[in-house]
Each structure stands twice: as structure tokens, then as C-alpha cells.
Amino acid sequence: MLDIKALRADPEQIAQALAIKGYVLDTQQFTEIEEKRKRLQSETETLQNERNVKSKSIGQAKAKGEDIQPLLALVGDLGERLDKAKAEFSLVQEEQQTLLMSIPNLPHASVPAGRDESDNIELHKWGVPKEFDFTPLDHVDMTASGGLDFETAAKISGARYVVMRGNLARLQRALTQFMLDHHTQVNGYQEVYVPFIVNADSMRGTGQLPKAAEDMFRINGETETYLIPTAEVPVTNIYRGEILNEADLPIRHVCHSPCFRSEAGSYGRDTRGMIRQHQFEKVEMVQLVHPDTSWDTLDTLTGHAEGILQALELPYRAVTLCGGDLSFTSAKTIDLEVWLPSQGQYREISSCSNFLDFQARRLQARFRNEAGDIELVHTLNGSGLAVGRTVVALLENFQTNNDYITIPDALRPYLGGVQQLSLND
RNA sequence: GGAGGGAUGGCAGAGUGGUCGAAUGCACUGGUCUUGAAAACCAGCAAGGUGUUAAAACCUUCCAGGGUUCGAAUCCCUGUCCCUCCGCCA
């Protein structure tokens, strides 16, 4: 949520900034609602004041044993007028709130203009894609003997799911373990375990609702709950409505969770293999920081995700998302894209974002600063990494022309020290 | 699933219809004392909004939403969550 004070002060400037994201802010609509709000609020509050003063005098008169009948008559129709004003006010307030909740975060000044991912700007590359002396397969063909089984998953559940067997299932578990250990032991994150089903307040808090409702799996029950699309939701919402001490910052959490996405609107995209699934594993880093440090933190957070790719010896590149590709909540996002030999291109494996105070304002996640004042924290998160896609990247980049893949040094301790892993066992 | 109890400031915890936004304690901030610290003592200390150069002033908020009343933290209804006991259970 944007700061409504900033919107009041200069709606045109905000509208201009939002245009970079491809969002059209109707400033005239906003101004009209705002003026109505102001008028109704002051009217309501005046009536309320009148009522409070008179009610109080009734109480005092009664305490002194005086006759309160004349005073009661005086209050007369006040209640009715107040109810009417209140109703109108809450209506316009709701209207304003709805509008405010649907306005995306402002992109940072350094975010490049552009419409979609083709306009993203490459920051740097790391590693060199391997030259194969045979034609590399994709991960689906590599595991056709049953390690990755999409047909069986389709029978059990439908399209965009996978059954993993034997060493493939173990590989995913090993990667998860390695990432968690790395972030906790090397990068100073605290591991957390959280619920994977969350309520609507949590979804609103991190900004998935109301805008992205169609991307979520809603649970069919009495209360409105959802499967999480990312651990960002439960982990960040730990701090919803909390006032932290400045000394508590920065807070760094890492969390492994399954992620559930309906992938509405991506029909026909990445239908083959494990790139785009309704259910996948992810290790997520979440930070709550002092507002002064969030931009530095975006760099270090991105570095933490890069550290995993480097340890796994996977070639990747970092790109800055352009305005049109930026998510609803993000002020700036750096994507890490891993090299996939079968596709001959880099594909997203991590997304690191600074949300500034946008989520914190929705969440009311705040801290008391040294002067004793209460301020909103800044929130950030990044995948470290998407585990399913890391399995794909590892398979494809480390394939050999027999049924084994080689295992990078960093991962060997998690697989019993083996140098090679059979795809058939 | 059955029975009962509860939700109040950063935390703990009083408050059952009227100067209650709310006692008290802890924590925190400032001061006195001290070589320094601790202790003791004094003072300050909820959030959000309207408003103002700044203040003052005003409004809202005691889990959430409805209701009763001139007036609700307090009474009534509904919901959510927590606790205790019984049952069931990975």
C-alpha cells in the first residue's frame, strides 16, 4: 500500500511513476474520493463531538441528582443525523481503501522502462555454459526411465505435477538441505517452519490479494484460506501487527516450503517438464530491515542467492526487471537466471525484491526507533533458490552421455559423498 | 466432538453503564545522586486520523462485526483466536 499522504500531496507525480509499471492511476477519481472523504469525515467528527459533549453533561447532571429530561430532549435527533453521516463516511472510506489496496508499489528510479521480460537489463553473467561433445537432452528425456514421472502425476492429480523417484527425489531433498545449511551457517539467516495454509489477512498483507486472487489455490471451507504461493507470505506475516525494537533489525529468515500456484494465464507456456508446476519446492529468504539499509540489503540478498548458484557451479546471469515485468508489490527486482542447455537460454531460478514500506504498511510491521518514534520497516525477499528448477538445472548442466550426472563438490556431502549419481536408481 | 474460562497499552495486569484512553507493575526515555555503574528517587511514556508554522483542539480504537443506550472496555448477538478438563487421534 502506498502512503496516502504522498498521494494527496502530488497525485500526478505518483501517476507518472506508476506509468512505468504500465499502471494507469485515475487521479481525478482519486481526488474526487479524497474530497468527499474529507468533507464527510469532518462532518461526522463534528457530530460525534457534539454527541460526546452532551452525553457527558447528562452523566454529570445525573451524578448531581439534577433532572436530565431537558438534556435528553436536546440530544433529540442527533443520533439519527450521526448515523447517516457515519454510514456515508464509512462507505467512502471503504471506497478509498479499496482503491488504495489496488494501486501497485512505485518502481525505484533505477528501474528501466519496458513492457515485458524482453526489456529486462542484464547486469552480469557468471560461469561459462559447458560445451557438450554429444547432444544434450532436456531433463524430461534424461529421466524417462521413471525418475521424473509426469504421466503418473497426471493420473493422480492432473497436468503440471510430477512424481519423483529414487535418486531424483533424493537429489531434491539434498539440494534443499544444502541451501538451508548454507543460508543459516554462512549467511546468518534463522530457519523457520511455518503453516502452508494462510488466511486472507496474510494474503492481503504481503500483497497477493486482492490483485492476484486468480493465481492462488483457495481452500474450499468455511473460512477463507489459501495454499501459499511462496513462503514469503507466512514468513513475512509473522510480523504483521508487531512493533519491533530497532535492535531486533535486521531480521533474516530462511524457510523451505512447497509453493502452490494455479498458473492461470500461462496456458501453453512451459507445458513440458518441471519448469512450471502447480506445486514446487522453494527455499526462500525473507528480511525485515531498517529503512535506511534496504537498498544495500537488496544487493547482499541477491548475493546470497548467487552464492548458491556459484557453489553448485551453475552458470547464470543477473537481470534487472523492467517496469512492465515488475510485480505489484515490488519497487525493484533482480532476477537470477540459470543456464539451461536444452533450451539454449537462461531461465529464472531466483527473484530478489525490495518492497520498501509497501508490504510493511499493509502488514503494519513496524519498529520503535532510537528517538522512540514508530516507523514502518522495509521488507525484502528472494528465492535461494527455487529447488525444483535447481534440480532441472543440475540435471541438464551436469549430464553425461550415460545415465549418470556428475555432482558438484559442494553437494556431495549431502549425497553420501558420491561424485556421480545414477538417474535409474 | 462435549463442558467451562478468557482476549485490555511494548509486556504483565486492574477495571461490569457516565470526567476511563484506561489503575498498578515491568520495560523504555530524560533527570537527581555516584569517580563510574547498580540501587534509590523525580518526571515522561498507546496507536491511527483530522488539524496547526508549531501547538492547542477534535475524532477513532480495550479481538472482529452487528445491536441496546443520551452515553459501552463494561450489557446483548454473531464470528475468530487462546486456555483448562473430557473424548478421539498422527
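A, B, ... follow the sequence lines: proteins, then strands. Residue 1 opens every chain.
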### Query
Does the salt bridge (Lys or Arg N to Asp or Glu O under 4.0 Å) test come out yes or no for A:Asp201 and A:Arg204, once each step is laid out?
CA-CA 5 Å; A:Asp201 281 342; A:Arg204 272 190 287 272; 2.9 Å; yes

Filtered N/O pairs between nucleotides 59-62 of chain B and protein, under 3.5 Å:
unit_1, atom_1, unit_2, atom_2, d
B:C59, OP1, A:Asn49, ND2, 3.1
B:C59, OP1, A:Asn52, ND2, 3.0
B:C59, O3', A:Gln48, OE1, 3.2
B:C59, O2', A:Gln48, OE1, 3.0
B:U60, OP2, A:Asn52, ND2, 3.4

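Note on A:Arg8: a side-chain N or O is less than 4.0 Å away from OP1 or OP2 of B:U50.
The nearest heavy atom of RNA chain B to A:Ser42 and to A:Ile374 marks one nucleotide each, and the one closer to the 5' end goes with A:Ile374.
Looking at A:Asn199, its side chain never comes within 3.5 Å of a backbone N or O of A:Thr225 through a donor-acceptor pair. Not one N or O on the side chain of A:Arg366 forms a donor-acceptor pair closer than 3.5 Å with the backbone of A:Ile374.
Pairing of B:C70, defined by two Watson-Crick or G-U wobble distances under 3.5 Å, is identified with B:G18. Base pairing of B:G51 is not made with any nucleotide, judged by Watson-Crick or G-U wobble geometry with both donor-acceptor distances under 3.5 Å. Base pairing of B:C89 is not made with any nucleotide, judged by Watson-Crick or G-U wobble geometry with both donor-acceptor distances under 3.5 Å. Both distances falling under 3.5 Å, in either a Watson-Crick or a G-U wobble arrangement, occur for no nucleotide opposite B:A56. In this structure, B:C26 forms a base pair with B:G10, meeting either the Watson-Crick or the G-U wobble geometry with both donor-acceptor distances under 3.5 Å. Using N1 to N3 plus N6-O4 or O6-N4 for Watson-Crick, or N1-O2 and O6-N3 for G-U wobble, each under 3.5 Å, B:C45 pairs with nothing. Pairing partner, B:G4: B:C83, with both Watson-Crick or wobble hydrogen-bond distances short of 3.5 Å. Applying the Watson-Crick and G-U wobble criteria (two distances, each under 3.5 Å), B:A40 pairs with B:U32.
What separates CG of A:Leu376 from P of B:A47 is a distance of 13 Å, to the nearest Å.
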